[in-house]
Amino acid sequence: MGDSEGNGLRLKAVLDNVPVAAQWVAAAARQAGFDDRAVYQIELAVDEACANVVEHAYRGMEVGDMKVSYTVIDQGLVVRVREWGRGFKPDEVDVPDVTAPLEERGLGGLGLFLVRRVMDEVEFSFDPEAGNELVMIKRFGGEEQ
Amino acid sequence: MDIKTEAMRRCEVVTVSGRIDSATAPELEEVLLGLIQAGQKNIVVNLDDVDFISSAGLKALLSALMKVRKKVPPGDLVISGIDDDLKESFELVGFDRLFKFYEDDLRAVGSF
């Protein structure tokens with residue numbers, strides 16, 4: 001476990017901490033009034049985002065931290081996942097062809113694809129000093145499809 | 001996550017419980033690929049007691065499905081006892097077109 005910073009949780013970017021972060025935000029989402037389906041989707045998005053940090057952000061360098069934080073706003077929940085690793089170009093991540101037959105299926109890009117599908121807004125920012133941040137918004141009663 | 005396997009006459013039933021995520025999916029994939037390497041090509045994966053599956057878990061299942069379908073004659077990996085939240089993740093990435101779903105093990109095993 002890492003330090004709890006108000007509504008922020010800073011953890012070492014290792015796999016064991018991914019469910020810690022995801023379930024922490026899911027509990028907050030439930031308390032904020034989201035229904036079971038939306039809570040599941042938020043937990044999924046945070047899990048995928050943190051798993052991507054663990055898998056990619058500190059590749060080839062010393063493993064650093066990830067910080068997950070959330071803010072409840074009138075319209076819903078804003079979740080931020082920050083890391084201080086290599087950064088990447090979201091546009092260059094494989095976009096899976098979800099209609100392809102089995103023999104043409106690739107295995108890349110599914111995590112980020114799911115994040116974009118279940119959350120209402122998804123935005124990345126990259127800053128070598130302040131860190132790289134993924135901001136995700138889930139609206140109350142929002143329709144992500 | 002917990003995994004139990006049971007050999008039936010025409011297939012293997014793999015019952016998973018708990019959380020299938022980046023940390024646990026490799027273990028599931030290892031069990032499935034172990035069965036396939038040992039000659040099993042028909043597999044039922046029961047997800048009744050799974051409360052969460054991430055893309056890592058979906059990829060582990062897809063990887064095993066690809067391997068059994070490549071067998072000659074082809075085998076299959078089918079899903080039984082899945083709830084709506086989990087099923088939606090399959091649907092979002094188009095996996096509902098690739099896997100067959102059954103309400104319970106009886107029907108899933110009977111499909112082989």
Side-chain angles (χ1 to χ4, degrees), chain A residues 11 13-23 25-26 30 34-57 66 93-119 143-145, chain B residues 1-2 17-29 32-33 36 41 43 47 50-72 74-79 82-101:
Chain A
L11 302 159
V14 294
L15 277 181
D16 283 351
N17 281 333
V18 172
V20 175
Q23 289 172 338
V25 178
R30 189 174 301 282
F34 284 100
D35 64 19
D36 288 348
R37 177 171 174 248
V39 169
Y40 185 89
Q41 292 177 333
I42 290 165
E43 180 174 348
L44 179 63
V46 176
D47 187 288
E48 298 291 352
C50 291
N52 275 341
V53 171
V54 171
E55 200 174 335
H56 303 295
M66 54 187 176
V93 175
D94 290 344
V95 178
D97 177 359
V98 298
T99 63
L102 184 65
E103 56 274 17
E104 291 166 23
R105 279 292 179 130
L107 289 171
L110 279 183
L112 184 55
F113 180 83
L114 273 174
V115 171
R116 291 191 196 280
R117 290 300 302 271
V118 299
M119 299 300 272
E143 188 44 70
E144 76 290 338
Q145 300 287 324
Chain B
M1 184 189 70
D2 189 49
S17 57
R19 188 181 174 90
I20 312 176
D21 59 16
S22 303
T24 59
E27 189 189 338
L28 174 61
E29 187 163 3
L32 294 173
L33 298 188
I36 296 164
K41 60 179 185 174
I43 300 174
L47 298 179
V50 170
D51 43 37
F52 182 88
I53 188 165
S54 75
S55 64
L58 293 170
K59 280 188 245 184
L61 293 171
L62 185 68
S63 168
L65 177 67
M66 286 171 158
K67 287 197 165 54
V68 293
R69 289 272 180 88
K70 277 184 188 156
K71 296 267 186 181
V72 183
D76 206 357
L77 183 152
V78 305
I79 308 293
I82 189 168
D83 77 16
D84 289 347
D85 283 336
L86 261 61
K87 180 84 183 290
E88 188 175 7
S89 291
F90 279 77
E91 290 165 357
L92 286 172
V93 297
F95 281 18
D96 55 321
R97 300 154 177 259
L98 307 178
F99 290 92
K100 296 186 193 86
F101 298 89

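Just so it is clear: chains get the letters A, B, ... in the order the sequence lines come, proteins before strands, and each one is counted from 1. Keep in mind that the numbers below use all heavy atoms, side chains included, and drop hydrogens, waters and symmetry copies. The model shown is predicted, which means the values in this text are computed figures rather than measured ones.
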After noting the C-alpha distance and the side-chain angles of A:Val54 and B:Ser22, does the key distance pass the side-chain contact (heavy atoms from CB on, under 4.5 Å) rule?
CA-CA 10 Å; A:Val54 171; B:Ser22 303; over 6 Å; no

- prompt: Should we say atom NZ of B:Lys70 is surrounded by more than 12 heavy atoms from elsewhere, each under 6.0 Å from it?
  reply: no

Under 4.5 Å to a heavy atom of chain B? For A:Leu114 that would be side chain

| query | Tell me, do B:Glu88 and A:Gln41 make a side-chain contact under 4.5 Å, heavy atoms counted? | reply | yes

> Under 4.5 Å between any side-chain heavy atoms of B:Asp21 and A:Pro19, yes or no?
Replying inline: yes

Closest non-hydrogen atoms of A:Ala100 and B:Leu98, given as atom of the first, atom of the second and distance, are O-CD2, 4.0 Å

CG of B:Leu58 to CG of A:Leu110, rounded to nearest 0.5 Å, is 7.0 Å

The interface call for A:Pro101 against chain B, heavy-atom contacts under 4.5 Å, is backbone

Quiz item: Does the side chain of A:Tyr40 come within less than 4.5 Å of B:Asp83's, by heavy atoms?
Solution: no

A:Ala49 meets the side chain to side chain contact (heavy atoms under 4.5 Å, CB included) criterion, sequence neighbours left out, with A:Val81, A:Leu134, A:Met136

Separation between CE (B:Met66) and CG (A:Leu102), nearest 0.5 Å, reads 5.0 Å

Here the gap from B:Leu62 atom CG to A:Arg105 atom CZ, rounded to the nearest 0.5 Å, amounts to 7.0 Å

Comparing B:Thr24, B:Leu86, B:Asp85 against chain A, the one with the most heavy-atom pairs below 4.5 Å turns out to be B:Asp85

Quick note, side chain to side chain donor-acceptor pair (under 3.5 Å) partners involving residues 42-52 of chain A, not counting sequence neighbours, are A:Glu43-B:Arg19, A:Asp47-B:Arg19, A:Glu48-B:Ser55

Separation between CZ (A:Arg117) and CD (B:Glu91), nearest 0.5 Å, reads 10.0 Å

Smallest heavy-atom separation, B:Ala23 atom then A:Leu15 atom, equals CA-CD1, 4.0 Å

One should read off an interatomic distance between A:Asp36 CG and B:Asp84 CG, to the nearest 0.5 angstrom, of 11.0 Å

When the 4.5 angstrom heavy-atom criterion is applied to A:Ala22 and chain B, the contacting part is side chain

